[in-house]
Novice: 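Questions regarding the structure given below will be posed in turn.
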Amino acid sequence: MKLLEDRIREDGLVLPDNVLKVNQFLNHQIDPDLMYKLGEEFVRLYQGEKITKIVTIEASGIAPAIMTGLILHVPVLFARKQKSSTMNSKLYTAEVYSYTKKVKNTVSVDQKFLSKDDHVLIIDDFLANGQAVQGLIDICNEAQAELVGVGIAIEKSFQDGAKLIKEQGVRLESLARISSFAGNQVHFVGDENNE
């Protein structure tokens with residue numbers, strides 16, 4: 001998605017350890033117009049699929065997920081990284097390691113919001129090693145929900161996450177696919193000078 005790639009080039013900052021900082025528009029300050037465009041693109045990519053629920057993980061996945069849900073007119077469910085005092089019912093849980101924060105979290109979803117009748121589209125902001133998405137896949141499997149696919153705003157294609165998801169036979173659609181951060185620059189899959 002050229003619009004997203006251009007914004008990453010303009011406002012993204014490459015940090016050590018293969019981290020891309022996009023806090024000007026995605027995961028601290030949010031550009032709602034851009035998020036709406038991401039939602040439109042996910043809806044276009046999954047057009048014709050039966051989707052009853054969008055599932056994401058807090059916090060940075062919520063913005064693109066909510067816009068996708070808004071366009072599809074379906075609920076958006078986010079897995080919590082910390083159990084809230086109001087979550088005292090039965091939960092689906094999964095262990096998730098955060099590549100950026102270098103911490104492991106138990107993420108949870110209230111069982112009353114996800115069932116075997118749901119057709120789920122997982123949406124998240126980043127795909128690096130795939131642990132967050134894998135946790136959401138595990139939760140969907142635990143709920144016996146049908147997984148339609150995964151939509152990712154920014155994929156680091158040089159890390160293992162995309163391979164992990166595709167090897168499970170899960171459809172993956174990423175809007176911006178980064179092939180490397182060579183020279184502290186963002187290089188996208190398909191760039192002429194990078195393939």
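Excluded from the calculations below are hydrogen atoms, water molecules and symmetry mates; all remaining heavy atoms, backbone and side chain alike, are included. Residue numbers count from 1 along this sequence.
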Novice: Are any non-hydrogen side-chain atoms of Ile30 and Phe25 less than 4.5 angstrom apart?
Specialist: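 No, every pair of side-chain atoms sits at 4.5 Å or beyond.
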
Novice: Less than 4.0 angstrom from a charged side-chain N to a carboxylate O is my criterion; do Arg171 and Glu173 meet it?
Specialist: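 A salt bridge is present here (some side-chain N lies under 4.0 Å from a carboxylate O).
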
Novice: Side chains of Glu95 and Gln131: donor-acceptor distance under 3.5 Å anywhere?
Specialist: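 Checked: Glu95/Gln131 side chains show no N/O donor-acceptor pair below 3.5 Å.
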
Novice: Are Val148 and Val120 side-chain neighbours, meaning at least one heavy-atom pair lies under 4.5 Å?
Specialist: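 They are not in contact (no side-chain heavy atoms under 4.5 Å apart), so the answer is no.
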
Novice: With side-chain contact (heavy atoms from CB on, under 4.5 Å) as the test, would you mind laying out the steps for Asp124 and Val150 before giving the verdict?
Specialist: CA-CA 8 Å; Asp124 206 4; Val150 175; over 6 Å; no

Novice: Would you say that Val22 contacts Asp11 through its side chain, given a criterion of any heavy-atom pair below 4.5 Å between the two side chains?
Specialist: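 When only atoms from C-beta onward are counted, Asp11 and Val22 do not touch, as no gap falls below 4.5 Å.
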
Novice: Could you walk me through whether Gln168 and Gln134 pass the side-chain hydrogen bond (donor to acceptor under 3.5 Å, both in side chains) check?
Specialist: CA-CA 10 Å; Gln168 296 174 70; Gln134 185 60 56; 2.5 Å; yes

Novice: Check the hydrophobic clustering (I, L, V, M, F, W, Y; side-chain heavy atoms under 4.5 Å; chains of links allowed) and say if Leu164 and Ile122 are grouped together.
Specialist: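 In one cluster: no.
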
Novice: Quick check against the 3.5 Å criterion: does Asp17 have a side-chain atom that pairs as donor or acceptor with the backbone of Val19?
Specialist: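 Checking the backbone N and O of Val19 against the side chain of Asp17, no donor-acceptor pair under 3.5 Å is found.
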
Novice: Taking Ser174 for its side chain and Ala176 for its backbone only, find out whether a donor-acceptor pair lies under 3.5 Å.
Specialist: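 No, the answer is negative, given that no donor and acceptor are paired below the 3.5 Å cut-off.
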
Novice: Any donor-acceptor pair under 3.5 Å linking the side chain of Lys21 with the backbone of Gly12?
Specialist: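 Looks like no, no N/O pair under 3.5 Å.
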
Novice: For residues Tyr46 and Leu38: do they belong to one hydrophobic cluster (side chain heavy atoms under 4.5 Å, members Ile, Leu, Val, Met, Phe, Trp, Tyr)?
Specialist: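 Hydrophobic grouping puts Tyr46 with Leu38.
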
Novice: Heavy-atom distance under 4.5 Å between the side chains of Phe42 and Ile54, does that happen here?
Specialist: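 They are not in side-chain contact.
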
Novice: Can you check salt bridge (Lys or Arg N to Asp or Glu O under 4.0 Å) on Glu5 and Lys2, steps first, answer last?
Specialist: CA-CA 5 Å; Glu5 290 178 358; Lys2 186 175 183 329; over 6 Å; no

Novice: Side chain of Ser179, backbone of His187: donor and acceptor closer than 3.5 Å?
Specialist: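 Checking the backbone N and O of His187 against the side chain of Ser179, a donor-acceptor pair under 3.5 Å is found.
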
Novice: Compare all side-chain heavy atoms of Val109 with those of Leu91 and state whether any distance is below 4.5 angstrom.
Specialist: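 A side-chain contact under 4.5 Å is absent here.
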
Novice: Would Lys37 and Glu40 pass as an ion pair if we require N to O under 4.0 Å?
Specialist: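 A salt bridge is present here (some side-chain N lies under 4.0 Å from a carboxylate O).
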
Novice: Evaluate the side-chain proximity of Val43 to Thr68: yes if any heavy-atom separation is below 4.5 Å, no if none is.
Specialist: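 They are in side-chain contact.
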
Novice: Does some side-chain heavy atom of Ile123 sit less than 4.5 Å from a side-chain heavy atom of Leu121?
Specialist: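 A side-chain contact under 4.5 Å exists here.
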
Novice: Check this for me, if you would: do Arg177 and Glu155 make a salt bridge, where the nitrogen-to-carboxylate-oxygen distance has to be below 4.0 angstrom?
Specialist: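 The answer is yes: the pair qualifies as a salt bridge.
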
Novice: For residues Tyr92 and Leu136, determine if any side-chain heavy atom of one lies less than 4.5 Å from a side-chain heavy atom of the other.
Specialist: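 No, too far: nothing below the 4.5 Å cut-off.
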
Novice: Under the side-chain contact (heavy atoms from CB on, under 4.5 Å) rule, what do Thr93 and Ile139 come out as? Steps first, then yes or no, please.
Specialist: CA-CA 6 Å; Thr93 62; Ile139 285 173; 5.8 Å; no

Novice: Take a 6.0 Å sphere around NE2 of His28 and say whether it holds more than 12 heavy atoms from other residues, nucleotides or ligands.
Specialist: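 12 or below, so no.
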
Novice: Between Glu146 (side chain) and Lys116 (backbone), is there a donor-acceptor pair under 3.5 Å?
Specialist: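 It does not hold such a pair.
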
Novice: Please determine if Lys90 and Asp110 form a salt bridge, counting it only when a charged side-chain N lies under 4.0 Å from a carboxylate O.
Specialist: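 Between Asp110 and Lys90 there is no salt bridge, as every charged N stays at least 4.0 Å from the carboxylate O atoms.
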
Novice: Can you check whether Ser115's main-chain N or O pairs, donor with acceptor, with Asp118's side chain at less than 3.5 Å?
Specialist: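 Side chain of Asp118 to backbone of Ser115, a donor-acceptor pair under 3.5 Å: yes, one is there.
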
